[in-house]
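Note that this is a predicted model, so its numbers are computed, not measured. We name chains A, B, ... by the order of the sequence lines, and we start the count at 1 in each one.
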2 protein chains.
Amino acid sequence: MLEKTPEITAGDTTHPFDRATQVTNVDGRLRGAASEDYFAFVGPFGGATAATLLRAIMEHPECAGDPLSVTVNLCAPVARGVFDLDVRLIKATRSTQHWMVELSQDDGVAAFATAVFAARRPSWSHQQAKFPGAPPFDQVKPLPDSGIANWVKQYQFRFVEGAPGYNAAPLDVPASAYSKMWLSDATPRRIDFLSLLSMSDTFFARIFHARGTIVPIGTVSLTTAFHTDAADLAAEDITAVLGVADAKIFHKSFSDQVGELWSPGGRLLATTSQVVYFKA
Amino acid sequence: MLEKTPEITAGDTTHPFDRATQVTNVDGRLRGAASEDYFAFVGPFGGATAATLLRAIMEHPECAGDPLSVTVNLCAPVARGVFDLDVRLIKATRSTQHWMVELSQDDGVAAFATAVFAARRPSWSHQQAKFPGAPPFDQVKPLPDSGIANWVKQYQFRFVEGAPGYNAAPLDVPASAYSKMWLSDATPRRIDFLSLLSMSDTFFARIFHARGTIVPIGTVSLTTAFHTDAADLAAEDITAVLGVADAKIFHKSFSDQVGELWSPGGRLLATTSQVVYFKA
């Protein structure tokens, strides 16, 4: 393509995640680019795409409040190179905003997101869910670099339960799809809404765990709800989260996945669910 | 408004749910109407609105496959009377379709939904989640009509655990937000995607259970994933489901809610999550 693309210049100290998810205004149109650093198999890692979409909304001059819930639909692989981002405020009320953003390339829309924002007010507060618990981050060994996909190198995975151990042949009896892991950016970066959204897509496909082998998969739709506002996240000031993920059912080429992202201090920061295509 | 609205004619045997969620083509524009039968406090029950949106997609001539995942954002109360429905196919690939539908009235968009459809192919199948179990439907007493809201009369709730027992004052110590219930249309109706989507919004707000009292609430965003296709549902041929619901956190005026809808035979039909505004 002939359009200007964001380039890495010498001495650029921007974090790879911020570089991968940056949104630029080129001649009045919003643009992003699929980052090689976060590439998966047939397109960029869905979490990076999701964060780019959310960033496009958050950087909009009319955006107010904090994201409450974001749904990202991944329609087709995002191709290498730049893409257009069309952001639209669907509805604003006194206390909430509903946004939509579409990511387009030559073949039309490849991904889109809808998001609810709100100014969260003080209220009665109660965390019913229990912190899953884990040995401290530093005491859990990081997963060695498997070299499978670029995006995996951008994170540090420290598995506490359900570490990946995949074989060539599927298991005779399905194993548990549950796993628990510490998760941080490979280059530490303070956790914010963008990284939480991206991290909510970092759980390896549950079917890999259940079947014990790698099969073709693809996230189709991802919904993440945030249970903190910007002030809470600033107070946490953390670079790692404890993530747990599980699946309830694999049926007729699609499975669910549910996950939680916790602060090391035991606060539930985000919950997530997704629908995943699989071939098995 | 001057536009034609769907009217109940004498001898109409259409099920109330189908009447409430009907979509009509008036002079080339899709229309629906907020049904008094399914009214809540300040607008129609969100489940009925959600089902109307899904029906608008499913009745579109280009719609193919079965719904996989639907996200419904309720932006503002839907007012009494008719509304416009704008349906758009955002992206179609060989195997999936991504749709959006917006519900508008005089004040702009009041609700919208995005949905993924797919032709589900045979695959490896595994239900990891365990059926919650319950005494048979007939052996559980239905909740008496509380007269609180019209929509509640349209369903039969047979609570197995966590039946509502609300008081004037909140509890000193939060109670469990978990509940389990049999659920059917008051006038039996075979379970389909539309009723499953609506039923995924029938769980009473979790904060009522946790606080033991009724407070102002409103669903903001609802995501339901279907784990069956039309053939599976036809084979089940059921009019009731077992529903379980819970919440993980209540914080700064919003809570989550997660739920599952099971067939009496023990198949997981749908999973759902939502973000709920509350004032407490």
Measure the acute angle between the ring planes of B:His126 and A:Phe250, then classify it against the limits of 30° and 60° as parallel, tilted or perpendicular. parallel
Out of B:His227, B:Arg211, B:Arg206, which one racks up the most heavy-atom pairs below 4.5 Å with chain A? B:Arg211
Where on A:Arg267 is there a heavy atom nearer than 4.5 Å to chain B: the side chain, the backbone, both, or neither? side chain
Within the 3.5 Å criterion, strictly below it, is a donor on A:Asp256 or B:Thr271 matched to an acceptor on the partner's side chain? no
Does B:Phe193 have its ring centroid less than 6.0 Å away from the ring centroid of B:Phe226? yes
Among B:Ser69, B:Ala210, B:Ser273, single out the residue with the greatest number of heavy-atom pairs under 4.5 Å to chain A. B:Ser69
Out of A:Ser255, A:Ala225, A:Ser253, which one racks up the most heavy-atom pairs below 4.5 Å with chain B? A:Ser253
Sub-6.0 Å ring centroid separation between A:Phe117 and A:His98: no
Check whether A:Phe112 gets within reach of chain B through its side chain, its backbone, both or neither, counting any heavy atom under 4.5 Å. side chain
Would you mind checking which part of B:Ala177 comes under 4.5 Å of any heavy atom in chain A, side chain (CB onward), backbone (N, CA, C, O), both or neither? both
Could you check which of A:Arg121, A:Met100, A:Gln274, A:Lys279 has the highest count of heavy-atom pairs closer than 4.5 Å to chain B? A:Arg121
Can any side-chain N or O of A:Gln97 pair as donor or acceptor with the backbone N or O of A:Ala64 at less than 3.5 Å? yes
Where on B:Leu222 is there a heavy atom nearer than 4.5 Å to chain A: the side chain, the backbone, both, or neither? neither
Can you say whether B:Ala175 sits under 4.5 Å from chain A via the side chain, the backbone, both, or neither, judging by heavy atoms? backbone
